[in-house]
Structures are given as structure tokens and as C-alpha cells.
Amino acid sequence: MIDVRQVRHDPELARRALARRRDDGAMAQLDRVLELDARRLEVLGEVERLRAERNEASREFGRRKQAGEELGDLQADLAARAARLKDLEEDLREFDSLLEAHLLAIPNFLHEDAPEGDAAANREVRRWGTPRQFDFAPRPHWEIGAELGLFDLPRGSRLAGSGFPLFTGMGARLVRGLANFMLDLHVREHGYLEVQPPYLVNATTARGTGQLPKFEDDLYRVERDELYLLPTAEVPVTNIHAGEILDAAVLPIAMVAYTPCFRREAGSHGKDTRGLIRVHQFDKVELVRICRPEESEAEHERITRHAEVVLERLELPYRVVTLAGGDTGFASARTHDLELWAPGIDGWLEASSASTFTDFQARRAGIRFRPEPGAKPEFAHTLNASGVAFPRTIIALLENGQQADGSVRLPDALVPYVGTDRLVAST
RNA sequence: GGACAGGUGGGUGAGUGGUUGAAACCGCCGGUCUCGAAAACCGGUAUACCGGCAACGGUAUCGAGGGUUCGAAUCCCUCCCUGUCCGCCA
């Protein structure tokens with residue numbers, strides 16, 4: 001959530017920050033916020049004045065009654081004032097909820113470093129690894145997976161619908177191995193605390209990280225219990241410290257979680273849906289960091305690197321892309337995507353998004369820290385990065401590791417986790 | 001799912017309609033004492049919003065949201081959560 005006082009204080013700054021998102025709707029919301037805020041403040045002033053009067057009069061009432069003095073028409077007079085106050089308080093509540101609703105719908109201010117423009121303006125900042133030269137035509141992962149019995153997409157569809165993959169045999173073993181490999185790396189070498197969060201979250205939690213109220217259509221919802229399936233572990237993990245005032249000494253907090261993710265992918269039907277490219281359920285290891293504001297710039301670089309190391313250990317060529325304003329997610333101030341090279345489909349695939357949210361999520365979720373003992377609490381900054389998402393990593397592993405004989409060579413780092421250096425057809 | 005008991009400040013925990021934003025203790029910060037520390041003693045110590053350069057003033061907050069009342073931590077309603085027992089169950 002953006003800071004309404006900052007908007008009030010410098011509307012032009014807010015306008016400029018939002019303009020870079022190429023989001024006309026957000027701009028209109030901002031104007032509405034300014035208007036609502038001004039009117040709310042008027043009503044608030046009046047309500048507080050009336051309440052002060054009432055409190056004073058009620059104290060007098062109590063004093064007189066205790067002293068056995070004459071009350072006269074004081075009670076009737078106060079009752080009339082109370083009715084007037086009640087009306088105004090209702091107005092105030094209305095303004096409060098309207099203002100909040102609009103504020104919740106406004107995206108985060110962009111980092112000045114995010115390129116101007118839409119997705120076409122995304123900026124590649126570095127590349128790692130060299131795409132392999134093939135002496136045969138590399139095949140797409142869905143052919144390799146089906147042939148080696150790693151996954152069975154038709155039967156997965158039968159169980160739940162298209163986009164719900166069924167991994168089988170060594171494919172299932174590969175998923176398990178990837179989970180352990182990534183968790184071990186982040187816990188042992190990068191210093192993260194391993195957590196295993198709930199896979200369903202309530203509306204408050206989903207609002208804390210920015211999925212609600214604007215993106216409800218992207219979530220699977222369990223209506224009966226008013227819960228949502230998590231679209232990413234970012235949601236429960238970032239909210240672990242919601243509503244808390246943290247001791248500065250515990251910062252930065254670094255947590256890693258391995259969870260399934262559920263996404264309705266509303267509006268993206270028919271786009272990049274072959275094989276495992278875009279699915280409704282997938283596994284992911286997620287990194288979350290909570291830090292002091294002055295650290296978030298360095299933390300963003302750090303968390304991005306932590307995700308990159310995963311890809312490097314897996315010997316997968318990738319590039320880092322800083323998203324342009326028009327392509328940056330709602331809650332993010334700046335996002336670095338890690339894109340894997342997939343020779344079978346001849347394209348780059350986003351396997352990780354590393355974002356800094358500045359205080360946007362911290363405001364929504366109420367994540368604060370006390371800079372010094374006795375000092376006023378401040379909002380923390382939050383960051384997260386996939387470290388990394390499984391399906392596209394599996395795509396890259398299969399397509400980059402495929403051999404002329406149809407088998408797939410696995411990177412050394414994975415051998416102890418999967419128990420083999422080569423995936424072959426199980427006859 | 002049923003029954004009962006509860007949810008108060010960083011922690012423990014008083015408080016059942018009128019200077020209670022809230023006793024007391026612990027913790028924390030500052031001071032006295034000490035070569036230094038501990039102990040003891042003294043003082044301070046919630047959060048948010050509004051107004052103000054500030055000092056400060058006002059308002060709200062005792063799980064959440066409504067209601068009753070001149071006035072609610074205290075009474076009523078709904079919801080959430082925790083504990084105990086029963087039921088069911090991996």
C-alpha cells in the first residue's frame with residue numbers, strides 16, 4: 001500500500017511514479033484518493049471535535065451524578081449530540097473504507113532504475129553460460145518427458161484438468177531431488193531459515209502481499225472456508241511477521257520454503273501452454289527477505305544472486321532481465337527476472353522473479369521494526385525471489401541435457417539428489 | 001462437529017459501566033551508588049491518526065466488527081483465535 005500522507009504531501013511525485021507503469025487506471029485511482037483523503041480529513045476533524053466535547057460533558061455528568069447534584073436537561077442535551085456524532089461517525093467509516101479500497105488498488109511506486117516502457121523495453125543486464133551447440137535437432141521437453149516416462153500429462157489432465165501435471169518415476173524423483181538440492185543450497189550456503197507454511201491462506205494474508213483485492217481471479221478459492229490456495233510461498237512466508245514490531249537485531253530475516261503453487265492463470269489460455277511451460281500447479285522453492293530500508297538495495301542484488309547460483313549449479317544458461325515499468329508486477333518496485341535458455345522450444349523461459357517491494361507489502365501487512373531501543377517503529381522492506389520454480393527448470397534440464405541417444409545427462413550437482421547422472425527410458 | 005473456559009500493553013497479570021491508556025511485577029532505557037559490574041534505590045518506557053516548527057494538545061485502540069448508553073476493557077450480538085474434555089480421524 002502506498003503512503004497516503006506522502007501522496008497528500010507531494011501528489012506530483014506520486015503521479016510521476018505511477019505514470020511510469022503505463023497504468024491509466026492507477027492514475028485515476030490516485031486522483032480519487034486525493035479527493036477522498038481531503039474530504040475524510042474534514043469529517044475526521046469534526047468527529048474528533050465532537051468527541052472531545054462529548055467526553056468532557058460526560059465527565060461533568062459523572063461528577064455531578066456522584067455529587068448528587070441536579071442534572072437538569074443535561075442528559076437530553078447529550079443524547080441529541082450523541083445522535084449527531086453517530087451520523088458523522090458513519091460518514092467517517094464510509095470515507096475510511098472507500099479510501100482504503102482505492103489505496104489498496106494502487107500499485108507500488110517504481111524504482112527509478114526500472115526501464116521506461118512496456119515489456120519490449122525490458123533490459124538484459126547480464127548473461128551466464130553458453131547455449132550448447134547440437135549436432136542434432138534438439139527436441140522439446142514434452143517429447144523427452146513422455147518418452148522417458150518422466151511425466152504423464154494426459155493422465156494428469158484426467159485427474160484434475162489440463163495444467164495439472166502428473167510426474168512419474170524418475171520425473172517424480174527429479175522433483176524431489178530438486179527440492180532437496182535447492183533447500184540445502186539456500187539453508188547451508190546462503191543462510192536461510194527453512195520454513196514450511198500453510199498452503200491455504202486467509203484473505204488478510206493474501207491482502208498483505210498484494211494478491212487481494214485486485215487479483216482475486218488469479219487465485220483458487222475455497223469458498224466454503226474463505227481460504228485461498230497459495231499462488232506462491234511468498235504469500236504465507238512474507239506474512240509470517242505480519243502485525244509485528246521486530247527487534248532490529250533480527251534483521252535481515254531470510255526464509256526459504258518449498259511449496260506447491262496454484263495459479264488459475266486466468267486470461268492466459270492458449271498462450272505458451274504446451275508441456276510444462278505454463279501450468280496451474282507447480283512446485284517452487286521461494287526465498288523471502290525482510291530488511292531495514294537502507295539495506296534493500298543491496299538485499300535485492302543479494303537475493304537475485306542466490307537464485308542465480310541455483311541455475312549455475314545446474315549448469316543452465318540464463319540471462320538476467322530488469323523489467324520495464326509497464327511489465328513490473330503490482331506490488332514490486334523493481335524486478336529482475338532470471339530466464340533460462342530452452343533449446344527444444346528455442347526460447348527463454350522465466351524461472352525466477354527477484355523483486356524488491358520497498359515498504360509496499362510491509363505497510364499492507366504491518367511489518368515494522370524498531371531501529372533502536374525506544375525509537376519509533378518503522379516499516380521494513382520486503383523482498384522475494386523464486387529460488388527457483390520447478391517446471392521451467394525441468395524444461396531446461398531436459399532440453400539442455402538431452403543426448404543424441406534420447407537420454408538426458410544431469411548436472412553433477414544433482415547426481416547425489418537424484419541418484420543418477422542420466423535419465424534413460426525405463427524399459 | 002459438540003460442551004465448557006478464556007483472549008488486556010514487549011512478557012506475566014489486576015481490573016464487571018464514570019479522571020482506567022489501563023494497577024502490580026518482570027523486561028528494557030536513563031540516573032544514583034561503584035575502580036567497574038551486580039544488587040539496591042530513583043525516574044522513564046504502547047501504537048496509530050489529526051493539529052502544531054516544536055513544546056504540546058486532541059482522537060482512537062483492552063482478539064475483530066457491530067450494538068446498548070450521556071459515558072464501555074467492563075453490558076448485548078456476530079465472527080476469529082487459544083485451552084480443556086467428548087466425538088471423528090492421517
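Chain naming here is simple, since letters A, B, ... match the order of the sequence lines and numbering starts at 1 in each.
As rounded to whole Å, 13 Å separates atom C1' of rG67(B) from atom CD of Glu89(A). In this structure, CG of Leu92(A) is placed 11 Å from C1' of rC50(B), rounded to the nearest angstrom. What separates CD of Gln6(A) from P of rC49(B) is a distance of 14 Å, to the nearest Å. The interatomic distance linking Met1(A) (CE) with rC49(B) (P) rounds to 11 Å, in whole Å. The distance from atom CG of Asp77(A) to atom P of rG71(B) is 12 Å, rounded to the nearest whole Å. The CZ atom of Phe379(A) sits 11 Å away from the C1' atom of rU47(B) (whole-angstrom rounding). Regarding Asp96(A), its CG atom lies at a distance of 13 Å from the C1' atom of rU59(B), rounded to whole Å. Rounding to whole angstrom units, CG of residue Leu88(A) and P of rU59(B) are separated by 16 Å.
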- Please test Ser296(A) against His381(A) for side-chain hydrogen bond (donor to acceptor under 3.5 Å, both in side chains), starting from the C-alpha separation and ending with a verdict. CA-CA 6 Å; Ser296(A) 70; His381(A) 279 197; 2.9 Å; yes
- Carefully, step by step, assess Ser355(A) and Asn384(A) under the rule side-chain hydrogen bond (donor to acceptor under 3.5 Å, both in side chains). CA-CA 6 Å; Ser355(A) 301; Asn384(A) 68 55; 5.0 Å; no
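Between rG10(B) and Arg370(A), no contact under 4.0 Å exists linking OP1 or OP2 to a side-chain N or O. Considering only side-chain N and O atoms, Arg54(A) lies under 4.0 angstrom from the phosphate OP1 or OP2 of rA60(B).
Among the nucleotides rG66(B), rC49(B), rC70(B), the one closest to the side chain of Arg93(A) is rG66(B). For Pro377(A), whose side chain is taken as the heavy atoms from C-beta onward, the closest listed nucleotide among rU59(B), rA48(B), rC50(B) is rA48(B). For Gln75(A), the listed nucleotide lying nearest its side chain is rC70(B); candidates were rC50(B), rA48(B), rC70(B). Among the nucleotides rG58(B), rG51(B), rG71(B), the one closest to the side chain of Ala52(A) is rG58(B). Listed candidates were rG18(B), rU68(B), rG67(B). Nearest to the side chain of Lys86(A) is rU68(B). Relative to the side chain of Arg51(A), the nucleotides rG18(B), rG71(B), rA60(B) differ in distance, and rA60(B) lies closest.
Nearest-nucleotide assignment on RNA chain B puts the 5′-proximal partner with Glu90(A), out of Leu78(A) and Glu90(A). In terms of position along RNA chain B, the nucleotide closest to Ile245(A) lies nearer the 5' end than the nucleotide closest to the other residue of the pair Ile245(A) and Glu48(A).
Taking the C1' atom of each, rG83(B) and rG27(B) are spaced 26 Å apart, rounded to whole Å. rC88(B) and rU78(B): their P atoms are spaced 29 Å apart (whole Å). Between rA72(B) and rC53(B), the distance separating the two P atoms is 33 Å to the nearest Å. Comparing rU61(B) with rG7(B), their C1' atoms sit 16 Å apart, to the nearest whole Å. Rounded to whole Å, the C1' atom of rG21(B) lies 30 Å from the corresponding atom of rU32(B). Separating the C1' atom of rA60(B) from that of rA22(B) is a span of 15 Å, rounded to the nearest Å. Taking the C1' atom of each, rU8(B) and rU16(B) are spaced 14 Å apart, rounded to whole Å. Rounded to a whole angstrom, the distance from the P atom of rA14(B) to that of rA23(B) is 14 Å.
In this structure, a donor-acceptor pair under 3.5 Å is present between the side chains of Thr232(A) and Lys284(A). Side-chain contact of Tyr318(A) with Glu312(A): a donor-acceptor pair under 3.5 Å is present, judged by distance alone. Between the side chains of Tyr417(A) and Arg176(A), no donor-acceptor pair of N or O atoms lies under 3.5 Å.
A salt bridge is defined here as a Lys NZ or Arg NE, NH1 or NH2 lying under 4.0 Å from an Asp or Glu carboxylate O, and Arg409(A) with Glu315(A) meets this definition.
Here Lys65(A) lies in heavy-atom contact (under 4.0 Å) with a base. Looking at heavy-atom distances under 4.0 Å, Asn55(A) makes contact with sugar-phosphate atoms alone, never a base. Here Arg59(A) lies out of heavy-atom contact (under 4.0 Å) with every strand. Within the 4.0 angstrom heavy-atom criterion, no nucleotide atom of any strand lies near Arg81(A). Ala79(A) comes within 4.0 angstrom of sugar-phosphate atoms only, judged by non-hydrogen atoms across all strands, and of no base. Across all strands, Arg5(A) comes closer than 4.0 Å only to sugar-phosphate atoms, never to a base (heavy-atom distances).
Counting all heavy atoms, side chain and backbone alike, Leu185(A) lies closest to Arg313(A) at CD1-NH1, 3.3 Å. The two residues Pro198(A) and Pro236(A) come nearest to each other via the heavy atoms O-CG, 3.8 Å.
Partners of Phe330(A) under the ring-ring contact (aromatic ring centres under 6.0 Å, His included) rule, at least two apart in sequence or in another chain, are Phe215(A), Phe360(A).
Once rounded to the nearest 0.5 Å, the distance linking CD of Glu194(A) with NE2 of His186(A) reads 11.0 Å.
In secondary-structure terms, RNA chain B builds stems of at least 3 consecutive Watson-Crick or G-U pairs, each pair having both distances under 3.5 Å, at B:1-7 with B:80-86, B:10-12 with B:24-26, B:27-32 with B:40-45, B:46-51 with B:56-61, B:63-67 with B:75-79.
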